[in-house]
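Read through the structure below, which is laid out as structure tokens, and then see the notes.
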Amino acid sequence: MTYKATQDVVRRVMPLLEQMATRTIDKARLLQYLSARAGVEWGVMSVVATEDTSEGRIFTFRDKISGAEHRLRYPDVLPLEWEHLVVAEYKRLAVDRPLTKMDHALFEHFFGLTHCARCRYRGPAFAQIHSECHFAGHPINFEPEESL
């Protein structure tokens, strides 16, 4: 049985995973990788090996307390240039603290064309509305601009 805390983390990060992957296996691989990568940044895991294989780049993570090692393939759905922002977003969502805002560049990457560019609340006059969307990590105040 999974711990309630684990279930809570998965529930909080699921919208991020769903933005990046459609297949369940890709979501699972992404979740494993992001968890391990965050563990490295939090000091509880370390990367002990990397290797390039025909299946892609494989990382070996070691749990610093138990010594257990886990080999994880770099997720196909995670562009290398977005890795640092996605890991930061995972960490933002995974901790049991009051939420902060999603990184502006990552929010634009996910929602800029599909929502922000078509929203009636564009521009500096609506900064509070933009802030609420960035805090939620998805467009919560989206109203399409009316056609003229």
Side-chain angles (χ1 to χ4, degrees), residues 1-48 50 56-66 68 70-148:
M1 178 175 188
T2 51
Y3 294 102
K4 184 168 179 10
T6 302
Q7 293 171 339
D8 290 344
V9 168
V10 172
R11 180 185 46 77
R12 288 192 302 264
V13 301
M14 191 53 75
L16 174 65
L17 302 177
E18 289 174 344
Q19 281 297 318
M20 302 192 68
T22 54
R23 297 182 330 154
T24 302
I25 188 68
D26 291 330
K27 290 175 193 175
R29 287 180 179 148
L30 182 60
L31 177 61
Q32 288 177 323
Y33 181 80
L34 293 175
S35 297
R37 215 14 113 183
V40 170
E41 293 188 20
W42 288 327
V44 296
M45 303 281 283
S46 60
V47 177
V48 295
T50 60
R57 178 162 272 188
I58 306 293
F59 290 85
T60 303
F61 293 91
R62 178 180 295 143
D63 183 307
K64 288 185 175 182
I65 295 172
S66 71
H70 309 279
R71 290 173 46 91
L72 299 174
R73 190 174 87 195
Y74 189 86
D76 295 333
V77 297
L78 179 57
L80 194 55
E81 63 272 14
W82 290 99
E83 179 185 16
H84 70 286
L85 290 177
V86 174
V87 170
E89 179 65 6
Y90 173 87
K91 288 171 40 182
R92 179 183 87 88
L93 296 169
V95 295
D96 188 22
R97 295 185 190 136
L99 287 178
T100 56
K101 293 180 184 178
M102 177 185 265
D103 180 86
H104 180 75
L106 190 60
F107 191 91
E108 284 297 315
H109 173 72
F110 288 141
F111 308 110
L113 294 176
T114 60
H115 291 79
C116 300
R118 302 181 312 111
C119 186
R120 69 183 310 172
Y121 301 116
R122 291 192 309 257
F126 300 108
Q128 180 60 38
I129 291 174
H130 305 164
S131 184
E132 291 170 4
C133 291
H134 289 214
F135 179 80
H138 58 88
I140 59 171
N141 295 318
F142 174 70
E143 287 186 28
E145 188 172 56
E146 293 181 21
S147 308
L148 300 176

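All values below were derived from every heavy atom in this structure, side-chain atoms included, with hydrogens, water molecules and symmetry-related copies excluded.
By the salt bridge (charged side-chain N to carboxylate O under 4.0 Å, His left out) test, Arg62 pairs with Glu69, sequence neighbours left out. With sequence neighbours excluded, the residues that form a side chain to side chain contact (heavy atoms under 4.5 Å, CB included) with Ala68 are Ser66, His70. Take Asp63 and apply the side chain to side chain donor-acceptor pair (under 3.5 Å) test, not counting sequence neighbours, and it matches no residue. Residues satisfying the side chain to side chain contact (heavy atoms under 4.5 Å, CB included) criterion with Phe126, sequence neighbours excluded, are Tyr121, Ile129, His130. Arg11 meets the side chain to side chain contact (heavy atoms under 4.5 Å, CB included) test with Asp8; sequence neighbours excluded. Residues meeting the salt bridge (charged side-chain N to carboxylate O under 4.0 Å, His left out) test with Glu143, sequence neighbours left out: Arg120. Residues that satisfy the side chain to side chain donor-acceptor pair (under 3.5 Å) test with Ser46, not counting sequence neighbours, are absent from this structure. A search for salt bridge (charged side-chain N to carboxylate O under 4.0 Å, His left out) contacts involving Arg118 returns nothing, not counting sequence neighbours.
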Derivation and outcome, side chain to side chain contact (heavy atoms under 4.5 Å, CB included), residues Trp82 and Leu106: CA-CA 8 Å; Trp82 290 99; Leu106 190 60; 3.8 Å; yes
Steps toward side chain to side chain contact (heavy atoms under 4.5 Å, CB included) verdict (Met102, Glu89): CA-CA 7 Å; Met102 177 185 265; Glu89 179 65 6; 3.2 Å; yes
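Taking the six-membered ring for Trp and thresholds of 30 and 60 degrees, His115 and Phe111 have ring planes more than 60 degrees apart, a perpendicular arrangement.
Looking at Leu72 and Ile58, their side chains never come closer than 4.5 Å, going by heavy atoms from C-beta outward. Between Phe61 and Val40, some side-chain heavy-atom pair lies under the 4.5 Å cut-off. Looking at heavy atoms from C-beta onward, Ser131 lies in side-chain contact with Lys101 at the 4.5 angstrom threshold. Within the 4.5 Å cutoff, the side chain of Val9 has no heavy atoms near those of the Leu93 side chain. Contact check for Thr60 versus Val47: no side-chain heavy atoms found under the 4.5 Å cut-off. Residues Arg57 and Arg73 fail the side-chain proximity criterion, which asks for heavy atoms closer than 4.5 Å.
Distance CZ/Phe107 to CG/Leu85: 14.0 Å, rounded to 0.5 Å. The line from NE2 of His109 to CD of Glu81 is 8.0 Å long, rounded to the nearest 0.5 Å. One finds the CE atom of Met45 at 10.5 Å from the CD1 atom of Ile65 (value rounded to the nearest 0.5 Å). The CG atom of Asp76 lies 10.5 Å from the CG atom of Leu30; values are rounded to the nearest 0.5 Å. The NE2 atom of His134 lies 12.5 Å from the OG1 atom of Thr100; values are rounded to the nearest 0.5 Å. Note: Leu16 CG to Arg92 CZ = 9.0 Å, rounded to the nearest 0.5 Å.
Counting only residues at least two apart or on different chains, the ring pair (Phe, Tyr, Trp, His ring centres under 6.0 Å) pairs with a member in residues 25-46 are Tyr33-Phe59, Tyr33-Tyr74. Applying the salt bridge (Lys or Arg N to Asp or Glu O under 4.0 Å) rule to pairs touching residues 104-114 yields nothing, sequence neighbours excluded. For residues 30-43, the salt bridge (Lys or Arg N to Asp or Glu O under 4.0 Å) pairs, not counting sequence neighbours, are Arg37-Glu83, Glu41-Lys91.
With hydrogens and angles ignored, the 3.5 Å screen pairs a side-chain donor or acceptor of Ser35 with a backbone N or O of Leu31.
When every heavy atom of Ile140 is checked against every heavy atom of Cys133, the shortest pair comes out as N-SG, 3.5 Å.
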Would you tabulate the side-chain donor-acceptor contacts of residues 18-25 under 3.5 Å, counting partners in other chains and residues two or more places apart, or write 'none'?
| from | atom 1 | to | atom 2 | distance (Å) |
| --- | --- | --- | --- | --- |
| Arg23 | NE | Asp26 | OD2 | 2.9 |
| Arg23 | NH2 | Asp26 | OD1 | 3.2 |

